[in-house]
Amino acid sequence: MEIIKTVGQLKERVATQRVAGRTVGLVPTMGALHDGHMSLVERARRENDFVVVSIFVNPTQFNNAADLATYPRTEDADCNRLSRAGVDVAFIPGVEDMYPEPDNRQFDLGEVAAVMEGPMRPGHFNGVAQVVSKLFMFAQPTRAYFGEKDFQQIAVIRRMVETEGFDIEIVDCPIKRADDGLALSSRNVRLTAAQRAVAPMIHKIMAESVANATGKSVSQVRKEVVDSINAVPEMKVEYYEIVHPLTMQPVDDWSDGPVGCITVYCGDVRLIDNIKYTQQA
Ligand code: PAF
């Protein structure tokens with residue numbers, strides 16, 4: 001595996017592949033790789049001739065300086081995993097490579113960015129659009145892979161692809177969970193042992209709410225989930241919204257197969273998860 005640190009080198013390396021008619025799969029990450037990331041990498045490996053994985057902790061998408069400062073960084077271990085997975089290029093730029101000038105672009109992300117993470121993390125999605133659009137320009141991928149744990153982020157990226165006119169297939173990949181149900185996340189390492197022990201309750205309660213939703217209203221199910229999770233020690237729900245799977249707008253009936261999107265503070269660690277509600281009677 002080649003480790004590339006500069007934009008110029010990446011562009012050259014990828015251009016050779018595209019000229020030769022080879023497909024390029026891109027997996028954008030912020031490092032601290034876990035099995036969830038690796039499932040994206042494995043899929044990209046299966047579906048493309050050439051695979052680029054970027055590792056870049058993007059400062060413009062953090063609206064909280066402490067979160068940026070404490071974001072886990074495990075570059076050597078990440079590179080070992082990527083190399084073993086048969087990745088062709090790990091692209092690991094510095095902030096000065098990605099942002100030689102301040103990026104003042106404001107993206108029109110529409111209604112999908114106006115709810116949930118949008119108001120909770122002002123500027124976050126614009127920062128994601130800034131970095132992902134740059135990665136798309138530099139890596140020129142045929143396909144790009146994103147995890148469904150960040151369900152709203154995928155909708156925002158699809159919107160950005162549409163408005164910016166990128167000819168790139170966005171591939172969404174299912175959430176990977178630990179055996180006890182906790183969605184894998186780079187932030188899980190920051191949980192104390194006591195918090196880690198209760199964190200799987202998030203998925204357990206959401207899964208039970210899907211199983212028991214028949215005959216109940218959306219607002220009743222939503223309230224039950226919030227109350228049950230708030231009753232767990234150390235847990236505080238920031239929001240739980242049951243939304244249309246494409247528009248991200250809250251729904252008031254089950255007809256479109258909505259998705260429940262949650263963020264929960266477990267101590268001071270902000271955990272995110274979601275679940276699909278299949279058609280309810
Ligand atoms: O999901 C992430 O890890 C990040 O938001 C992404 C897509 C790599 C952009 O920095």
Side-chain angles (χ1 to χ4, degrees), residues 4 7 10 25-41 43-44 51-65 67-75 77-79 81-82 87 89-99 103 105 107 109 112-113 116-118 120-139 141 143-161 164 166 168-176 183-190 248 261 263 269-274:
I4 291 184
V7 170
L10 178 68
L26 171 69
V27 184
T29 83
M30 298 204 298
L33 301 181
H34 50 65
D35 288 352
H37 294 112
M38 296 315 289
S39 70
L40 274 56
V41 170
R43 183 152 175 201
V51 175
V52 177
V53 178
S54 61
I55 299 179
F56 180 65
V57 183
N58 172 38
T60 73
Q61 72 186 74
F62 283 82
N63 59 320
N64 175 329
D67 193 21
L68 174 61
T70 56
Y71 200 84
R73 291 160 206 253
T74 57
E75 195 177 304
D78 290 349
C79 286
R81 287 195 85 166
L82 295 178
V87 166
V89 166
F91 176 53
I92 313 182
V95 174
E96 61 293 348
D97 296 294
M98 289 300 282
Y99 298 108
D103 190 341
R105 291 174 300 160
F107 289 82
L109 300 173
V112 294
M116 302 190 288
E117 296 295 278
M120 287 298 165
R121 304 181 68 188
H124 167 66
F125 281 138
N126 196 63
V128 169
Q130 287 175 340
V131 75
V132 172
S133 63
K134 280 180 182 256
L135 289 169
F136 285 180
M137 287 186 277
F138 303 154
R143 302 182 185 88
Y145 295 78
F146 296 91
E148 282 184 348
K149 186 173 74 65
D150 296 298
F151 192 73
Q152 190 181 6
Q153 173 172 273
I154 298 181
V156 167
I157 289 167
R158 285 189 192 283
R159 162 86 182 182
M160 186 273 289
V161 163
E164 299 298 302
F166 284 111
I168 295 170
E169 184 188 339
I170 303 301
V171 183
D172 39 341
C173 304
I175 299 178
K176 279 275 174 190
L184 297 186
S185 163
S186 305
R187 290 187 170 88
N188 291 352
V189 296
R190 293 180 47 217
M248 301 294 117
C261 297
T263 59
V269 184
R270 188 173 186 268
L271 299 176
I272 186 166
D273 204 345
N274 62 77

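When a ligand or atom number is given, it counts from 1 through the structure's own listing order. For clarity, every value in this text was computed on a predicted model and none was experimentally measured.
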Q.
Any donor-acceptor pair under 3.5 Å linking the side-chain atoms of N58 with those of Y99?
A. yes

Q: Can you sort out which atoms of ligand 1 are near P28, meaning under 4.0 Å from one of its heavy atoms?
A: 8 (C)

Q | Per-residue contact class, I157 against ligand 1 - non-hydrogen pairs under 4.0 Å | A | neither

Q. Do the side chain of S186 and the main chain of A32 share a donor and acceptor less than 3.5 angstrom apart?
A. yes

Q. Taking only heavy atoms of Q61, which atoms of ligand 1 are found under 4.0 Å from at least one of them?
A. 4 (C), 5 (O), 9 (C), 10 (O)

Q.
Could you tell me, atom by atom, which parts of ligand 1 come under 4.0 Å of a heavy atom of V131?
A. 9 (C), 10 (O)

Q.
Can you see whether E164 engages S133 through a side-chain donor-acceptor pair at a distance of less than 3.5 angstrom?
A. no

(Q) Tell me whether R73 is salt-bridged to D78, with the criterion being a basic N under 4.0 Å from an acidic carboxylate O. (A) no

Q.
Between F125 and F107 (judged by ring centroids, cut-off 6.0 Å), do the two rings come close enough to count as a pair?
A. no

Q.
Give me the residue, atom name and distance of the protein heavy atom closest to atom 3 (O) of ligand 1.
A. M30 CG, 3.7 Å

Q.
Give me the residue, atom name and distance of the protein heavy atom closest to atom 2 (C) of ligand 1.
A. Q153 NE2, 3.9 Å

